[in-house]
Each structure stands twice: as structure tokens, then as C-alpha cells.
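Chain naming here is simple, since letters A, B, ... match the order of the sequence lines and numbering starts at 1 in each. Just the heavy atoms: all of them, side chains too, but no hydrogens, waters or symmetry mates, feed the values below.
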There are 2 protein chains.
Amino acid sequence: MTGTGHNTRKDAAEPGVSGREQRSRHRARGEERRGEILGAALEVIAERGYRGATLGTVAERVGITQQGLLHYFPTKESLLVEVLRIRDDWDTGGALSRKDFGDSPWPLANLETLVEYNAMRRGVVQTFSALLGESVTEDHPAGEYFHDRYRWARAGAEATLRREFGDRLPNGLTPERAAPLLIAVMDGLQFQWLHEPAGADDNGTGGAGVDMSRAFRDFLDLLYGTSRDADGN
Amino acid sequence: MTGTGHNTRKDAAEPGVSGREQRSRHRARGEERRGEILGAALEVIAERGYRGATLGTVAERVGITQQGLLHYFPTKESLLVEVLRIRDDWDTGGALSRKDFGDSPWPLANLETLVEYNAMRRGVVQTFSALLGESVTEDHPAGEYFHDRYRWARAGAEATLRREFGDRLPNGLTPERAAPLLIAVMDGLQFQWLHEPAGADDNGTGGAGVDMSRAFRDFLDLLYGTSRDADGN
DNA sequence: CGCATTCCCTACCTGTTGATCAGTAGATCA
DNA sequence: TGATCTACTGATCAACAGGTAGGGAATGCG
């Protein structure tokens, strides 16, 4: 029951493994574990939120103890910070702020792609949405993150809109004032979609759910002032 | 400190008070306390979310013990259910689903009023938003509530849009497909507003915040396809 | 080979939370 | 006047939570 039977393992087993392979494997172990933990934390936060998530649950999912996890992330909050950081790399950093941001002939296509991408990553969206909800409560560790993120997202959206439409949208609205709406639609649709998804990979719900990608395209049509496919599809 | 000095109160004091009034006052104590508890719970949930809220904190705010609170609401979840119910009466029941729903010459004005009303009730909005975020997590007691609420809200929005525009919005979009966008904007703006409010009662933020009411009007302009005041204001 | 580092565990502590149990004081009622 | 109901309180509990202390095994390094 107690930790016995491990001293006989190394010397006898794996006789043909070279020292280099063992070393590199050992080195990589740490970063690999970190990655596993981050992935598990993302899952657990999606399922229970940050406050509801426990270090023990995350650790268990990686196959170590809670104290083993604390070896990598000294506090629960430090774990959250890292989760937020990798999410930024994946999602926002991957689309909203990419260097090739203005490369597309149609800037808003990037946002459309982002939404479609999110629709395939329910876990990530759920984590994000759960944290966003919690972040409005007092003294939440993610509060500042979302505050900054919103400023930043609105600025990005405004720049995109300006690149697309100039200083006025077709209906006369300025990019500055349309930007919050764009962000709001993206966030708001996520909640509806999480509660009742509908879309490419989901059929038979009777049409009650929300097709996030299609709805977002509908909103873009609204910005353009014309409908591209509202009649047929 | 302990409950002394009350046995002399009844017989001697209030000689002219009839038995009926005393009885009713006694009866009302219970309902009054219930109301106080519900109000405190709304506050505490706004500050810490449902999972983060504790019965002790709520009870303390009413001036009773945690066990005293459990006398009125046998479980924490039952308290949440009641909070959700009264919120419905205040907010949704008061505007979205009112009988005089179609009485206004301009149906969407009701929604505008609702948003303006919300902008004056930060605590309620914060409670709602915190719970909405939590509700996407697994086995959350408010999950079903929000699921149903979204269906219902979309149906209500669709009906309103149909009453205003008929079967097609100016840009060709159907009310059915515009409804989710309307709800998404309302929800999404709340998060931005909570994180950085701006508006009538808030000046000097440097324009970085979000004026929820104005932004919502901007969105309605988008639905109409024309801008009413985007140039000057 | 000895030493440091990395990785992870056992043991333990302290605090919190929702909930139960039993009981008390006053009001109501028969 | 006694029975009963309402509105609580105090004591207590089991279950967890995050975090600390310290140690041990495997590995890398000189």
C-alpha cells in the first residue's frame, strides 16, 4: 500500500535505452506534465468553474496527487493565471491580434473564422464563459484579466471595422460604437450556444438551439446592411 | 444579550391594539424575514456568485444565524431557486412578458426600457450575470433555469420583432434569426458594462467604458438599417 | 562517486461549508 | 391552562478545501 516496489524498476528494466533518450525524456517530463495539468485544469474549470474546481480533481485527472500538482503551480490562482494565458495564445492571440491580421482582403473574415473555430471547441468556450461570469464578482482573480481583455478586444474590433468600413458603417454608425456590439454578440451567442447548441455537427434539436456561426454571420450582414443568404438558408 | 425583557411587553404595552393586528403582525414577520433573506441573498450572490456565496454570509446580513436561515430555506439550493423566481418577477416578468406587451406603438421600446432599467440596477445585473456564467458548468442548479429562460426569451424577442417588422427585417433577416442576436447583445453588453461601466450616471472614465443603453439603441438602429443619432451624439 | 535538482508522495494542519439535532422562548389556539 | 406552532439558537458534524513540512527516489552533473 505504501510506496514500495519502485527501487527495483529502473536498474532492471529498459536495458537497451540509451542515456540520451532517457535524459531527454526526463527533461521533457516536467514541461509535459505542466501541459497535462493545464489541459486538465481547463477541463475542470469548464465543468465546475474556477471556484468550484479543486486542485485534487485536476491532479487526479493527471494521475498525481494534489500536492504533486502544487509542485508545478504553487497556488490555485497561479494555475488559473496560466490557463488564462494559454487560452489567449490559442484563441485571441491566434485570430484577433495576429500579425497577419490585415492580410485578409476581408478583415471581418478573421472574426468569422474565430467564431467557427470556437464552435468546434466547446470545452474552451465553456471555460471562458464560466470564468467570465465569475469574473464579475468581487475580488475574483480573473477580474482584471477580463477587464483588460475587453478594452483590448474592443480596440481590436474597432480597428477591424475601420479597416473594413472606414469611419462610418453603412448605416452611419461609427466603428467605435459598433465595436462593443460586435464583442457583445460574440460573447452573448456563446452562452446561448452552450445552453442549447445547434449547428453543423448537431442536428435533430428541432431548431430550438442556436447555430453560433450562422448567427454571427447574420450579425455581420446587419453591419453590412444587406443580407447574403437570409432568404434561402 | 440573551432574549430577555420580552415577557413584559405584550401584556402591558399596546393596550389599544386589537388581537387581529397583533396576529397579523406576527404572521407577517415570517414573510418579512423571507423577503429580507432573499434580498440579502441577491446581494451576496452578486458579490461572490452562487458557489462562492455562503449561507452564513447571507444570514449575517439579515441578523440571524445560519441555522435560522435554514429554517426558512431548508437548503442552499432552495434559496437560489427563490432568488431566481423573484428576479423573474422583477425583470423579465415586468417587461418582456407583460400583458401590455403589445400596447406600445413601438414594441422594441419595451426592450429599450428594460435595458435602461437594468443600467440602474447594477446589483441585479451582476447577480444575473454571475449566475449565467456559473450555469454553463455541469450540474449547476440554475442550468435548467437558464436553458428554459433562453428559449423563452428568444421566443419573446422573435414575437416582438415580428410585431415591429413583419416577417422580414429591413435587411432581409427573419425575426427568428434576429432574435438570438437581440438576446446576445443584451447579455453581452451587460458583461462589458459590469467590467467598465459608462453612461448617464458615470462620467470621467475617459470614454473607455460601455454605455449599455446607448449601445443597445445603436443595435436597434442596426436592425432598422438607419442611424438616428450616430452623427451628433 | 558524491551532490544537487527535479519530481512527487505521506502526513498533517487549519479553516470553511452545508447540514442535522435538540432545544428554547414567545405567540396562537382549543 | 395546556397543546401546538413559529422562529429561531447553540452545539456539533462530516466532508472538503488549500496549503505546509519534510522526505525519498530517480536523474543529471562534475
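Atom pair Glu60(A):CD and dA17(D):P shows a separation of 11 Å (rounding to whole Å applied). Going from atom CD1 of Ile37(B) over to atom P of dA7(D) covers 10 Å, rounded to whole Å. dT6(C) atom P lies 17 Å from atom CD of Glu32(A), rounded to whole Å. Between the C1' atom of dT17(C) and the CZ atom of Arg51(A) lies a distance of 14 Å, rounded to the nearest Å. Taking atom CZ on Arg34(B) and atom C1' on dT6(D), their separation rounds to 14 Å, with Å as the unit.
At a threshold of 4.0 angstrom between heavy atoms, the contacts of Ala59(B) with the nucleic acid are absent.
Glu134(B) places a side-chain N or O within 3.5 Å of a backbone atom of Arg51(B) that can act as its donor or acceptor partner. In this structure, Arg154(B) contributes its side chain and Ala208(A) its backbone to a donor-acceptor pair below 3.5 Å.
Arg48(B) and Thr57(B) form no side-chain donor-acceptor contact under 3.5 Å, judged by distance and modelled atom types alone.
For Thr54(B), whose side chain is taken as the heavy atoms from C-beta onward, the closest listed nucleotide among dG19(D), dT17(C), dT9(D) is dT17(C).
Ring centroid separation for the pair His140(A) and Phe146(A) does not come in under the 6.0 Å cut-off.
For dC8(D), the OP1/OP2 oxygens have a side-chain nitrogen or oxygen of Arg33(B) closer than 4.0 Å.
When each of Tyr50(A) and Ile64(B) is assigned the nucleotide of DNA chain D bearing its nearest heavy atom, the one mapping closer to the 5' terminus is Ile64(B).
Residues satisfying the ring pair (Phe, Tyr, Trp, His ring centres under 6.0 Å) test with Phe216(B), not counting sequence neighbours, are none. Residues satisfying the ring pair (Phe, Tyr, Trp, His ring centres under 6.0 Å) test with Phe219(A), not counting sequence neighbours, are none.
Non-hydrogen atoms lying under 4.0 Å from DNA chain C are contributed by Gln66(B), Gln67(B), Leu70(B), Thr75(B), Lys76(B), all within residues 66-79 of chain B.
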